[in-house]
Amino acid sequence: SVAGESLWSEGPALLVFVEHDCPTSRLALMRLAPLADFFEPAGASLVAVHQDDAATAQRCMQSSKAGFRALIEPPPFAAAEALGVRTVPSAFLISKSGLIIDCCEGWSRDDFNRMVRQVAELGGCSEAMELDAEAPMEKPGCSSKNTLDPSCWESQSVALFDEMEDMFERGWTDGLPVVPPTRERVDRMLDGRDPQFSLGPVPPGMGELTLERLASCAVLAGCHPVYFPLLRTAVEAALDPAFNAHGLTNTTHTCGPVVIVNGPIRREIGMNYGINAMGGWNRANATIGRAVRLVLGLTGRGLPGSLDRSTLGQPGKISFCFAENEEASSWDSLAVTRGFGPNENVVTLYCGDPPFSISDHYSPEAEDVVFSIASAGSAVFGPNVYPIATETIFVICPEHVKGFEERGWDKTEVAQRIFEASKRRVSELRGGEQGPFTAALDDDVILAKWSDPSEVVLVVSGGPAGRFSAVLPPWVGFGLGSSMVSKKVEEDA
């Protein structure tokens, strides 16, 4: 028998000795978490005994999604020593009278299932709960702390703490390392702003977004404090009901938030709108887009597998932010076409997929380039799905723009030509997914991909050489989709 009768005075108890830095311990906690609902009706207790301090043990339970009882055993780990624990995890099934009925070492699904069956028998349950048959079925553990030299206990605890790993344990990352949001870093990001000022609830989980939480996400993403006004504006646009952040997150589509920036702020904060504009290696582009996504994922609880239901996902769901190359053309910028002044700083939020590159290097005429662009645009969402009736962004490279300008075509003219070049007879759309509207039409009916040329949205960006443009396929929600939202960046935001 062992001491600690209060744990099993009302019924049997399964004690599981664990340690945060042991991967097998965390595996065991995750796998055993569903048993909590079974043990209580069976009159039994499931208890994790941690060889860590309280804060570390709490993080370990939270990251493992283990909601059952947890105890802390401080050095010199007398209970573990008395029970002969040499490895964590180690589990002991103890009867109401304090006798050890069964035990196991490391992770073994069969061993734990055996002990669960014994709990069911002791509790008079007709059927025992089975643990999920998920690999690994067996996994060796780690050395228990009571086996170490006492001089190592404190130094090991300090040495093993890694603030980057701690962020992963807390679930505060998008899969990539993040910057820990210390009080000093968050205060620097806020720069005197009211930390409790609320921007409202963030769909779909509806967590309240205070400026302090926004600043924390900005720090996590790696933003510089000078990006904060732009980031705040981008998030406000994302929270506009017209953007439909709830639907963007919940949909099984691959879409994510796309942040497009216009105005002098592009240069002021060092954004990239030239070579590799939609790629990495630029802090502003990468971290602003990432911070928007972290807000939706952390405060909005839009995490994959829970409220984020995307079938495939895509890299843009980590970060997708770029600026328009306003200097590369005589065309009005996206901001101007959406009603803002030419020198105003504007952020536009668009719900889109990754760029679908359009290569046209050798077409002799501008009409041929339009045909290439329109053909690519006609394939978005589904090549036979007509019309999609949704704003669709085309990123036009400077070389293609130059050819259009030489023909005297402005933005409106090019959009109209893309719209016209997308038209197909219904007979050409038979086969594959059509949708009931198109399926019901006669073969000779002619449809365009969009319901109106205004849905063809042109943005100029990219380097000076290379005849590569792109289409950013939209989220087509058929009545439940997203609309672009543009907002002016306020200096005191």
Side-chain angles (χ1 to χ4, degrees), residues 258 260 262 272-279 316 320 322-334 336-337 350 352-432 446-474 476:
V258 182
I260 306 171
N262 287 106
N272 182 15
Y273 44 85
I275 294 173
N276 202 51
M278 293 188 288
F320 196 169
F322 68 101
E324 183 162 14
N325 192 342
E326 299 175 15
E327 294 76 10
S329 81
S330 60
W331 289 357
D332 287 338
S333 70
L334 175 65
V336 170
T337 59
Y350 171 71
D353 285 356
F356 176 18
S357 180
I358 307 166
S359 172
D360 192 310
H361 284 71
Y362 302 111
S363 291
E365 302 293 341
E367 287 86 352
D368 298 316
V369 177
V370 164
F371 182 80
S372 296
I373 293 172
S375 297
S378 298
V380 300
F381 193 73
N384 294 338
V385 178
Y386 266 62
I388 56 173
T390 300
E391 296 161 322
T392 303
I393 286 185
F394 290 83
V395 181
I396 310 299
C397 69
E399 279 204 81
H400 284 162
V401 171
K402 182 179 179 181
F404 296 146
E405 289 178 322
E406 288 174 351
R407 290 296 303 275
W409 296 349
D410 62 11
K411 211 179 204 181
T412 303
E413 174 75 13
V414 174
Q416 178 71 46
R417 287 177 176 272
I418 292 173
F419 176 82
E420 294 296 333
S422 75
K423 290 182 176 180
R424 303 286 186 273
R425 292 186 183 275
V426 169
S427 60
E428 299 176 67
L429 305 175
R430 299 299 187 201
I446 296 176
L447 296 175
K449 186 70 173 183
W450 302 274
S451 60
D452 188 86
S454 63
E455 293 171 349
V456 178
V457 181
L458 307 183
V459 177
V460 180
S461 197
R467 294 166 64 86
F468 291 100
S469 291
V471 57
L472 310 184
V476 180

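All values derive from a computational prediction rather than experimental measurement. This chain uses plain numbering: 1 for the first residue, then up along the sequence.
A search for ring-ring contact (aromatic ring centres under 6.0 Å, His included) contacts involving F394 returns W450, not counting sequence neighbours. Here E428 pairs with R424, R425 under the side chain to side chain contact (heavy atoms under 4.5 Å, CB included) rule; sequence neighbours left out. Partners of E399 by side chain to side chain donor-acceptor pair (under 3.5 Å), not counting sequence neighbours: none found. Residues forming a side chain to side chain contact (heavy atoms under 4.5 Å, CB included) with E420 (at least two apart in sequence, or on another chain): Q416, K423. Residues forming a side chain to side chain donor-acceptor pair (under 3.5 Å) with S469 (at least two apart in sequence, or on another chain): H400. Scanning for side chain to side chain contact (heavy atoms under 4.5 Å, CB included) contacts around E391 gives R338, V457, S483, M484, with sequence neighbours left out. Remark: F404 pairs with W409 by the ring-ring contact (aromatic ring centres under 6.0 Å, His included) rule, at least two apart or across chains. For N262, the side chain to side chain donor-acceptor pair (under 3.5 Å) partners two or more places apart in sequence, or in a different chain, are E324, E326. Here F468 pairs with H361 under the ring-ring contact (aromatic ring centres under 6.0 Å, His included) rule; sequence neighbours left out. R417 meets the side chain to side chain donor-acceptor pair (under 3.5 Å) test with E413; sequence neighbours excluded. Every side chain to side chain contact (heavy atoms under 4.5 Å, CB included) that S454 has, sequence neighbours left out, goes to D452.
For the pair F322 and A277, the tightest heavy-atom approach, listed with the atom from each and the gap, is CB-O, 3.4 Å. Contact detail for T390 and P474: the closest heavy-atom pair is CG2-CB, 3.7 Å. Nearest heavy atom pair, residue S461 against residue V395, reads CB-CG1, 3.8 Å. Shortest non-hydrogen contact noted between D353 and F320 is O-CE1, 3.8 Å. Taking all atoms of both residues into account, the shortest heavy-atom contact from G274 to N325 is CA-ND2, 4.4 Å. The minimum heavy-atom distance linking T392 with L472 is given by the pair CG2-O, 4.0 Å.
Applying the side-chain hydrogen bond (donor to acceptor under 3.5 Å, both in side chains) rule to pairs touching residues 367-376 yields D360-S372, E367-R407, sequence neighbours excluded.
A donor-acceptor pair under 3.5 Å is formed between the side chain of S422 and the backbone N or O of K449.
The line from CD1 of I393 to CG of L334 is 6.0 Å long, rounded to the nearest 0.5 Å.
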